[in-house]
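First up is the structure itself, then whatever we jot down about it.
Convention: sequence-line order gives letters A, B, ...; per-chain numbering from 1.
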Number of protein chains: 2
Amino acid sequence: MAKFKLDEIDHQILDMLIDNTRIPFTDIAKKLLISAGTVHVRVKKMEEAGIIRGSSLTLDYVKLGYSFIAYVGIFLEKTSQTKFVLERINEIPYVTVAHITTGKFNIFCKVRAQDTKHAKDIIFMIDDIEGVSRTETMISLEESINDKKRLMHKIFQEL
Amino acid sequence: MAKFKLDEIDHQILDMLIDNTRIPFTDIAKKLLISAGTVHVRVKKMEEAGIIRGSSLTLDYVKLGYSFIAYVGIFLEKTSQTKFVLERINEIPYVTVAHITTGKFNIFCKVRAQDTKHAKDIIFMIDDIEGVSRTETMISLEESINDKKRLMHKIFQEL
DNA sequence: GGTGAAACTTCTAATAA
DNA sequence: TTATTAGAAGTTTCACC
């Protein structure tokens, strides 16, 4: 996969859009002393290149009733079942990310639930998937999301 | 924290914005057979209520050069150091999420790096934080992000 | 709560530099 | 590559349901 070359202007456009995707292109243009048309063209290019995959809302899941987060490590009976189990896991909506991992677990996933009872139901759901031998759960007492997304695309260039 | 009550219209507005934050309110209005003004007012209310915390771009980190993901479990010398260590960890931009957890580890975090060498540097950085006794790393061979965000705010109401 | 229309702002594509 | 421009489109407010 070829790395896409972004110049300083692209980075600054990304920075502003990462903070707020609905910021008017004219505002971006003003700050960067370029025209709104230029912003438009550059964003379009980054979209076409696949750098920008889309945009989404950041919702407050706690306010929506999901205050429980756990990570679940999954042991499989056979490694060959990985793909099958991963597919079943991805069907559970409360599983927000799943990884095939090296080391202790075969699969590792993040679960977002409403409360402990709800979490228990989800974990039992995972346990019940054919091929899963057992699971190990880690409960999050506090989550702190790193707001350095803005740096990620920048620092890379510097290294 | 009081749960905010969303009605069916709110849910549908969220659904569309989750897929694409830049979709015109007039488009949303047309689909839901309401006026654009109503969409505007409802979105504003959800923003004020904190349900919508913001919006952000979904970037392709692999295309930006970050193809390495690992989870790092951290053991502390003393639990009382948790807050201090968490703060140091959150200063590392490549750490995208950090959790205080129950069970095996004291802190658990996700690291996004460019390659194994870069990941090693980051893990050493974590190891070097005062109070960290040792770490355990799990390397992700494949990440599958669950695209059920759209369901999360809905299913809750149904339960 | 919602609407519809007016006033205002922004977008976008084409053209020109 | 960037700037300008103008018509199209979107947003936001407000008087009125």
Given atom [atom1] of [X] and atom [atom2] of [N], what is their separation to the nearest angstrom?
| X | N | atom1 | atom2 | answer |
| --- | --- | --- | --- | --- |
| A:Glu47 | C:dC11 | CD | C1' | 13 Å |
| B:Ile13 | D:dT11 | CD1 | P | 12 Å |
| A:Lys45 | D:dT2 | NZ | P | 8 Å |
| B:Ile28 | D:dA9 | CD1 | C1' | 15 Å |
| B:Leu17 | D:dT11 | CG | P | 10 Å |
| A:Asp7 | D:dT1 | CG | P | 8 Å |
| B:Ile23 | C:dC11 | CD1 | C1' | 16 Å |
| A:Asn20 | D:dT11 | CG | C1' | 14 Å |

Report yes if at least one side-chain N or O of [X] is closer than 4.0 Å to OP1 or OP2 of [N]; otherwise report no.
| X | N | result |
| --- | --- | --- |
| A:Arg42 | D:dT2 | yes |
| B:Ser35 | C:dT3 | yes |
| B:Lys44 | D:dT12 | no |
| A:Thr38 | D:dA3 | yes |

request  = Mind checking B:His40 for me? I need base, sugar-phosphate or nothing, with any heavy atom below 4.0 Å counting as a touch.
outcome  = base
inquiry  = For a quick check of understanding: with a heavy-atom distance under 4.0 Å over all strands, which category does A:Thr26 fall into, base, sugar-phosphate or nothing?
reply    = sugar-phosphate
ask   = Does the distance from a Lys or Arg side-chain N to an Asp or Glu carboxylate O, for A:Glu143 and A:Lys110, drop under 4.0 Å?
value = yes
message = Would you say the ring centers of B:Phe108 and B:Phe75 fall short of 6.0 Å from each other?
response = no
request  = Check whether the ring centres of A:Phe105 and A:His99 lie less than 6.0 Å apart, and answer yes or no.
outcome  = no
key: Nucleotide nearest A:Phe25 when distance is taken to its side chain, options D:dG10, C:dT12, D:dT1   = C:dT12
Selected nucleotide, minimal atom distance to B:Ile34 side chain, candidates C:dT12, C:dT3, D:dT12 = C:dT3
task = Could you tell me whether B:Arg112 sits above the aromatic face of B:Tyr94, with NZ or CZ closer than 6.0 angstrom to the six-membered ring centre and within 45 degrees of the axis?
result = no
message = Assuming nearest nucleotide by heavy-atom distance, tell me which of A:Val41 and A:Arg22 is located more 5' along DNA chain D.
response = A:Val41
task = Using a 4.5 Å cut-off on heavy atoms from C-beta on, say whether the side chain of B:Glu136 contacts that of B:Tyr71.
result = no
